[in-house]
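Structure, as structure tokens:
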Number of protein chains: 2
Amino acid sequence: MRYLQSGVTIRDVAREAGVSVSTVSRVLNDKDDVAPETAQSVRRVIEALGYASSMAARSLRSRVTNVVGLIVPDLWHPFTSLVIKGISQEVAAQRYDLLAYASAGRNVNALASWEQQLVARLNGSVTDGIIVVTPNAAQYRTAFPLVAVDPHQANTDFPAIISTNYQGVNEAMSYLIALGHRRIGFITGRPALQSSIRRLEGYINGLAQAGIPEDPDLIATGDYTRARAVECARCLLSLANPPTAIMAASDETAFGVYAVAAERHLRIPEDLSVVGFDNIVESAFTNPPLTTVDQSIEKMGGLAAEIVLKLIQGQPWESRLNKVSTRLVIRQSCRPIVPVS
Amino acid sequence: MRYLQSGVTIRDVAREAGVSVSTVSRVLNDKDDVAPETAQSVRRVIEALGYASSMAARSLRSRVTNVVGLIVPDLWHPFTSLVIKGISQEVAAQRYDLLAYASAGRNVNALASWEQQLVARLNGSVTDGIIVVTPNAAQYRTAFPLVAVDPHQANTDFPAIISTNYQGVNEAMSYLIALGHRRIGFITGRPALQSSIRRLEGYINGLAQAGIPEDPDLIATGDYTRARAVECARCLLSLANPPTAIMAASDETAFGVYAVAAERHLRIPEDLSVVGFDNIVESAFTNPPLTTVDQSIEKMGGLAAEIVLKLIQGQPWESRLNKVSTRLVIRQSCRPIVPVS
DNA sequence: ACTGATAACGATACCGGTATCGTTATCAGT
DNA sequence: ACTGATAACGATACCGGTATCGTTATCAGT
């Protein structure tokens, strides 16, 4: 492999065009005090030399990059993909560029401090503002616009986008109870996370509102992963008096329940009703399609982008907590309970 | 919203620690000619001031960023997600950072020149090398490492990763023919693309090898999208003598066939066999699960990362075309043809 | 006592842009 | 003819790091 020569700088362009670097810079930035003919000839030279200005040099001096940064744990998880889709569209619409950073593969302990470092380093050099998805650090210190999507802590120093976790589960519970279910199992998310806590509260209050006593055996502690959900589901379905329905704290969790149902030859929804949370793309394609709580992940991304761009442009954003509402999507994984005659 | 004060520079750290900026720089880069006590105290000051070095300034001078760039049309498409997963793991393993750029939302005509600009701008300022997925430009001019995944042109100036498109379809055809199918429809990809051409050849030669005459009616021209595939499938299934099986040039295309089958009350695989290409995540979750040609998208990403990192480190990479082999994944969307008694 | 090597650190030019201030030519208005 | 405004452009400091070269103190070896 050989590469073409590079390293064309603004000074090369200036020399070739017979003007000063100032004038070239003016042409690059579409300033208005340049004679049209001059601009034209400079542009021709730029084209001929294949010149592209260095983002590093530009941002070092002018402190504007027109780039929005995004920090996510990974770039391939379904949840992440949807968030990115929402962000991406809004950012592109406002003619900014999007630049994503994956923190995956890193030591979990070092992660928080690494993210903190990254935020500081990106802002003030390569990005004008940053969107963070599921931050691990409690606090970010930055002088630049920062917005968090689905933060794991309740209180943050910067605007955060969250969905109505409590109401989402609560609504799903009403639905299951209306179908006649009384023994409803719950598999939680990762206990430390705010979203997980709120969803559990939705479950508990859902039962209370219907006057159904809470049974500790029916609450299994998961962590949002499919693997852990499999263990939880085995546990719940091995009870002497097993649940007729399982409310899962995430779609991935629900798919774990699907797997266990299959291994025990339980049919969904005939023998077991299941409700998920997230409405990731896969949930519409499973067999049967999963009834789940849609948290408009895409919309969360869009809102995050909107806010960070407002902040970048110097407009204030009062509200620190921005809720995006959830909605129960009824598919085919639940059915009314048939009283044992 | 108020933000913390920022703008801590290396000079602030130097002043506070009572050393020169050179020494601070040495500490930052783990150079060995610094007294341990000095390094210790500098590190304490860095911590106390919340200092983070500016990537822009660093890369401007040292021309090393430890960042691999990625340019993709979008960040949420299933194909993209899998490529990114492969890249991400390899890049993280070698302690580089990954930075993704989405070109979506941009005017299609301006896209190629925009990408060309972006490559030039990223390299030599924020990244050490770049991986491009499905480039639109015929040629990129860059002095830095560049690798293309699944390029749309056959010949490129830089290493490219492609899958064995021809063999993949060919193998699938053998499978369908072995099941007894004789009238096999084909829905192509976007005709201009190299991958599409090779897949079509796999279909045509598959028929020829079995001595089955080619029927132009059975070849419908798609473009890899689900929407277009729906029209193609309607066309094929409306023939006087319709196909008993359809080979689709992509999984998305296959899902278009699924949709048309449902609207016409045709059962898959009882009434119609379908084979896809890609093996995206969804294909395992459809009803029925799709038999498809796996092109190890993740592995393609991993290989791309491996090559670009080798190039960055100055090691040569001879081969310009790197093939990743395909593999037929048999699920439940095909069945043997039953002779009409 | 002198030499040479080495450890530890400092001073300063420089990367490639933009911001800022200055200069020159031209011309309308009196 | 002189003044002031304006259009068009140039010279240069500067952004915040690192590379390069230099300096000083210390000490082992003769």
Side-chain angles (χ1 to χ4, degrees), chain A residues 6-43 45-46 49-67 117 120-126 128 143-144, chain B residues 6-43 45-46 49-67 117 120-126 128 143-144:
Chain A
S6 171
V8 182
T9 76
I10 197 173
R11 279 159 236 273
D12 299 323
V13 175
R15 192 178 331 106
E16 194 72 19
V19 296
S20 70
V21 291
S22 309
T23 300
V24 178
S25 177
R26 271 186 271 259
V27 172
L28 287 174
N29 295 287
D30 289 320
K31 295 289 167 72
D32 53 1
D33 55 347
V34 183
E37 319 83 72
T38 311
Q40 192 65 28
S41 89
V42 168
R43 259 186 265 274
V45 173
I46 288 174
L49 298 183
Y51 167 76
S53 76
S54 153
M55 285 179 65
R58 174 204 296 263
S59 80
L60 182 58
R61 185 69 235 251
S62 70
R63 313 195 155 284
V64 169
T65 63
N66 275 357
V67 174
Q117 279 281 319
R121 224 154 47 185
L122 285 182
N123 265 336
S125 53
V126 297
D128 294 337
F144 292 86
Chain B
S6 171
V8 182
T9 75
I10 198 173
R11 279 160 237 272
D12 299 323
V13 175
R15 192 178 331 103
E16 193 72 19
V19 296
S20 71
V21 290
S22 307
T23 300
V24 177
S25 178
R26 272 187 270 260
V27 172
L28 287 173
N29 295 287
D30 290 320
K31 294 289 167 72
D32 52 1
D33 55 346
V34 183
E37 319 83 72
T38 310
Q40 193 64 29
S41 90
V42 168
R43 260 186 265 272
V45 173
I46 288 175
L49 298 183
Y51 168 75
S53 76
S54 153
M55 284 180 64
R58 172 205 296 265
S59 80
L60 183 56
R61 185 68 233 250
S62 71
R63 310 194 158 286
V64 169
T65 61
N66 275 356
V67 174
Q117 280 281 318
R121 227 159 40 190
L122 285 183
N123 264 335
S125 52
V126 297
D128 294 337
F144 293 87

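Predicted model, so just to flag it, every value in this text is computed and none were measured. Reminder, nothing fancy here: chain letters follow the sequence lines and each chain counts from 1.
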State which residues pass salt bridge (charged side-chain N to carboxylate O under 4.0 Å, His left out) with [X]; sequence neighbours excluded, sorted by chain then number.
{"X": "A/R61", "value": "none"}
{"X": "B/R43", "value": "B/D30"}
{"X": "A/R11", "value": "none"}

Rounded distance in Å - [atom1] ([X]) to [atom2] ([N]):
{"X": "A/M55", "N": "C/dC15", "atom1": "CE", "atom2": "C1'", "answer": "16 Å"}
{"X": "B/R63", "N": "D/dT20", "atom1": "CZ", "atom2": "P", "answer": "12 Å"}
{"X": "B/Y51", "N": "D/dG16", "atom1": "OH", "atom2": "C1'", "answer": "7 Å"}
{"X": "A/D12", "N": "C/dG16", "atom1": "CG", "atom2": "C1'", "answer": "11 Å"}

Output field dot_bracket for DNA chain D (Watson-Crick or G-U, both distances under 3.5 Å, | for other-strand pairs) contains ||||||||||||||||||||||||||||||

Only counting residues at least two apart or in another chain, list the ones meeting side chain to side chain contact (heavy atoms under 4.5 Å, CB included) with [X].
{"X": "A/V45", "result": "A/V13, A/E16, A/A17, A/L49"}
{"X": "A/T38", "result": "A/V19, A/T23, A/V34, A/A35, A/V42"}
{"X": "B/S22", "result": "B/S20, B/R26"}
{"X": "A/S62", "result": "A/R58, A/V64"}

Please determine whether a side-chain nitrogen or oxygen atom of A/S53 lies at a distance below 4.0 Å from atom OP1 or OP2 of C/dG17.
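So the side chain of A/S53 is outside the cut-off, no N or O lying under 4.0 Å from OP1 or OP2 of C/dG17.
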
So, OP1 or OP2 of D/dT18: does either fall under 4.0 Å of a side-chain N or O from B/K31?
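For D/dT18, OP1/OP2 do not have a side-chain N/O of B/K31 under 4.0 Å.
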
A/S59 and A/V126, any side-chain heavy atoms less than 4.5 Å apart:
no

Taking the side chain as C-beta and beyond, is there a heavy-atom pair between B/I10 and B/S25 under 4.5 Å?
yes

Please encode protein proximity along nucleotides 8-14 of chain D as a string of B, S and -, counting only heavy-atom distances under 4.0 Å.
SBBBBBB

With respect to the side chain of B/T9, which nucleotide from C/dT18, D/dG16, D/dA19 is positioned closest?
D/dG16

Of the listed D/dG17, C/dT18, D/dG16, the closest approach to the A/L60 side chain comes from D/dG16

